[in-house]
2 protein chains.
Amino acid sequence: MTFPDLFERFSMTILPLGTSDATHLRFQAVARYASARAGDAPFTGNGSDQIAFVASGSTKLVAHASGGREQVVAFHFAGDLVSVPARAAHAYTLCALEDCELIYFPAEEFYKLARFEAGMVDEVLERVMKALARCREKTITLGRKNAQERLANFLLTMDERIGADNDGGRLLDLPMSRRDVADSLGLTIETVSRQFGELRDAGLLETMGRSKVMLLDLQGLAARAGHLFEPA
Amino acid sequence: MTFPDLFERFSMTILPLGTSDATHLRFQAVARYASARAGDAPFTGNGSDQIAFVASGSTKLVAHASGGREQVVAFHFAGDLVSVPARAAHAYTLCALEDCELIYFPAEEFYKLARFEAGMVDEVLERVMKALARCREKTITLGRKNAQERLANFLLTMDERIGADNDGGRLLDLPMSRRDVADSLGLTIETVSRQFGELRDAGLLETMGRSKVMLLDLQGLAARAGHLFEPA
DNA sequence: CGTCACCTTGACGAGTCTCAAGTTGTGTGG
DNA sequence: CCACACAACTTGAGACTCGTCAAGGTGACG
């Protein structure tokens with residue numbers, strides 16, 4: 001896709017209706033374009049924070065710790081806005097899961113422009129709050145849940161985002177590998193694989209090939225996700 | 001402290017300079033007041049999201065999972081703004097560590113008012129971004145670090161927020177119990193206690209009483225925090 | 001000064017990681 | 001279209017960290 005097409009997609013999704021042409025042009029002036037093949041890391045938050053818009057494809061935000069350890073902080077799909085932090089105690093990398101196209105901005109300039117447009121900051125704030133909510137949920141998962149609860153949780157979350165009805169169940173076509181899932185859940189690929197096996201044996205899901213998962217029993221999965229039903 | 005005093009503190013900290021009297025009054029009209037003794041849970045995000053301003057004291061935001069498991073999502077000190085989510089897959093409770101006084105608002109109304117005041121949304125956005133950054137760092141800690149790294153990390157983070165120079169080291173007066181630390185780090189109190197012991201034996205810190213910790217070697221702690229030094 | 005909750009320390013076991021081998025799926029080139 | 005090659009995934013056995021259970025110590029408060 002051409003840059004104008006991609007930028008158009010950004011405008012449609014993020015800029016409020018009725019945004020002036022002048023504002024469009026200002027955003028366009030500071031926008032950068034990046035296309036990435038699956039596995040590529042188009043850019044890190046080198047030096048300063050970046051804001052990336054995922055125009056197509058899907059990405060993961062990876063944090064790097066010592067000893068080559070990696071933690072997937074979040075996954076993103078087409079239409080998502082991601083804030084990629086500059087390097088701090090840990091380094092962050094935005095990484096393509098599938099081939100994808102990105103529009104990105106230095107965060108500071110992005111916010112400066114956003115401030116001028118009524119409704120724009122609201123949109124951004126709402127998305128950041130959503131990201132915070134997801135991150136908090138992940139915190140519970142990583143801090144207090146066992147392997148099976150983590151995977152059940154993950155599958156239900158993915159269902160909300162990319163699940164599709166199919167033959168009485170919900171079909172997921174996961175763009176990420178078992179390693180990505182493991183790095184997201186704070187587990188090893190072996191443990192993830194074993195838990196897929198257990199959930200399959202329990203009749204809660206079927207796996208077809210490497211990326212397709214059919215969720216057969218959402219309630220059963222929710223029951224194994226360690227969610228709170230009765231507040232204490 | 002009286003409500004006007006507390007609200008004044010909120011205004012000074014959060015409302016931008018030059019905010020109109022009308023806006024002040026509008027915020028004051030929807031503001032609720034809560035004082036809480038140490039250990040109290042003044043309110044949960046019952047029904048709808050809440051925004052709380054910690055006027056004095058300190059708090060923890062706790063997420064509840066099944067089986068009575070608790071995860072401390074974040075700690076807050078005087079001057080902090082906290083978003084307390086409504087109940088979803090997990091229930092959240094804001095809980096006082098020390099006696100404290102809070103000003104709080106239904107989130108929706110808060111944002112609606114904030115929108116009217118230039119600079120206000122910026123302030124809120126900046127704080128939410130900071131919260132997101134902290135939550136992401138926590139994600140790495142919980143997903144990929146061992147007990148010692150988690151505690152070292154925690155102590156360094158607390159030092160940034162409430163540490164004070166003292167006799168060549170840094171003195172922390174922690175308002176939270178070992179249980180709170182454990183619930184924040186995804187560990188048990190016993191493991192936290194053991195790791196305090198190891199760091200003490202290694203000469204990196206001293207503990208005085210239950211709440212005071214003297215950090216003797218910040219570099220040594222950072223070395224044990226699993227931070228990334230050389231990007232891969 | 002006594003009481004109680006909080007914290008520390010120890011022994012043991014469960015859950016997950018590590019290491020290793022085998023299997024399956026996907027994409028490529030004949 | 002099939003066969004090959006490689007990476008991704010699965011499965012198994014043993015090790016290790018951290019959780020559990022239990023007992024004892026300590027500091028803060030009345």
Side-chain angles (χ1 to χ4, degrees), chain A residues 37-39 60 65 67-71 97-99 141-155 172-202 205-214 224 226, chain B residues 37-39 60 65 67-71 97-99 141-154 172-201 205-214 224 226:
Chain A
R37 307 298 301 269
K60 58 178 174 178
R69 290 174 292 185
E70 299 195 344
Q71 173 66 37
L97 295 171
E98 313 164 279
D99 294 355
T141 298
L142 296 180
R144 287 289 175 231
K145 300 200 172 176
N146 65 24
Q148 188 157 128
E149 291 172 322
R150 292 183 199 202
L151 184 59
N153 234 318
F154 169 79
L155 292 170
L172 302 184
D173 191 352
L174 298 175
M176 69 288 283
S177 68
R178 293 285 186 273
R179 170 159 300 286
D180 293 328
V181 176
D183 285 345
S184 169
L185 300 180
L187 301 168
T188 59
I189 51 174
E190 293 94 332
T191 298
V192 170
S193 192
R194 278 186 257 270
Q195 294 308 325
F196 263 113
E198 291 208 14
L199 294 177
R200 191 188 315 116
D201 294 348
L205 55 79
E206 277 172 23
T207 54
M208 296 109 92
R210 275 169 191 171
S211 60
K212 289 189 175 53
V213 182
M214 179 79 153
R224 297 191 183 220
Chain B
R37 307 297 302 269
K60 57 178 175 178
R69 291 173 293 184
E70 299 195 344
Q71 173 67 38
L97 295 172
E98 313 164 279
D99 293 354
T141 298
L142 297 180
R144 286 290 176 231
K145 299 200 173 176
N146 65 25
Q148 187 156 130
E149 290 171 324
R150 292 182 197 201
L151 184 59
N153 233 319
F154 168 79
L172 301 184
D173 191 351
L174 299 175
M176 69 288 284
S177 68
R178 292 284 186 275
R179 170 160 300 284
D180 293 328
V181 176
D183 285 345
S184 169
L185 300 180
L187 301 169
T188 59
I189 52 174
E190 293 93 334
T191 299
V192 170
S193 193
R194 278 186 257 271
Q195 293 308 325
F196 263 113
E198 289 208 15
L199 294 177
R200 192 187 315 115
D201 293 348
L205 56 79
E206 277 172 22
T207 53
M208 295 109 91
R210 275 170 190 170
S211 60
K212 288 188 176 51
V213 181
M214 179 80 154
R224 297 191 183 218

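Naming: A, B, ... by sequence-line order, numbering from 1 per chain. Just so it is clear, the model here is predicted, and its values are computed rather than measured.
Although no hydrogens or angles enter the test, the distance criterion places no donor-acceptor pair under 3.5 Å between the side chain of A:R144 and the main chain of B:Q71. Of the possible polar contacts, one joining the A:D99 side chain to the A:A38 backbone as a donor-acceptor pair under 3.5 Å is found.
Across all strands shown, B:S177 has heavy atoms under 4.0 Å from sugar-phosphate atoms exclusively, and none from any base. Within 4.0 Å of B:G186, counting heavy atoms only, lie sugar-phosphate atoms of the nucleic acid but no base atom.
Here D:dA7 presents its P atom at 17 Å from CG of A:D180, a figure rounded to the nearest Å.
The base of D:dC18 does not come close enough to the side chain of B:E190 for any donor and acceptor atom to sit less than 3.5 Å apart.
Distance check: B:D180 CG to B:E70 CD gives 9.0 Å after rounding to the nearest 0.5 Å. Atoms CG and OG, from B:L97 and B:S177 in turn, are 8.0 Å apart once rounded to the nearest 0.5 Å. The distance from the OG1 atom of A:T191 to the CZ atom of A:R150 is 9.5 Å, given to the nearest 0.5 Å.
The stretch residues 141-149 of chain A has no heavy atom under 4.0 angstrom from DNA chain D at all. Scanning residues 192-199 of chain A for heavy-atom distances under 4.0 Å to DNA chain D yields A:S193, A:R194.
Partner B:L151 forms a side chain to side chain contact (heavy atoms under 4.5 Å, CB included) with one of B:R224, B:E198, B:Q195 and no other, that one being B:Q195.
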Listed pairs, N/O of protein and of nucleotides 21-24 of chain C, under 3.5 Å:
unit_1: C:dT24; atom_1: O2; unit_2: A:R210; atom_2: NH2; d: 2.9

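The residues B:K60 and B:D183 are annotated as not salt-bridged, no charged nitrogen and carboxylate oxygen being separated by less than 4.0 angstrom.
Considering only the side chain of B:L187, D:dG19 comes nearest among D:dG19, C:dT18, C:dG10.
Side-chain atoms of B:T207 and B:R200 form a donor-acceptor pair, as typed in the model, at a separation below 3.5 Å.
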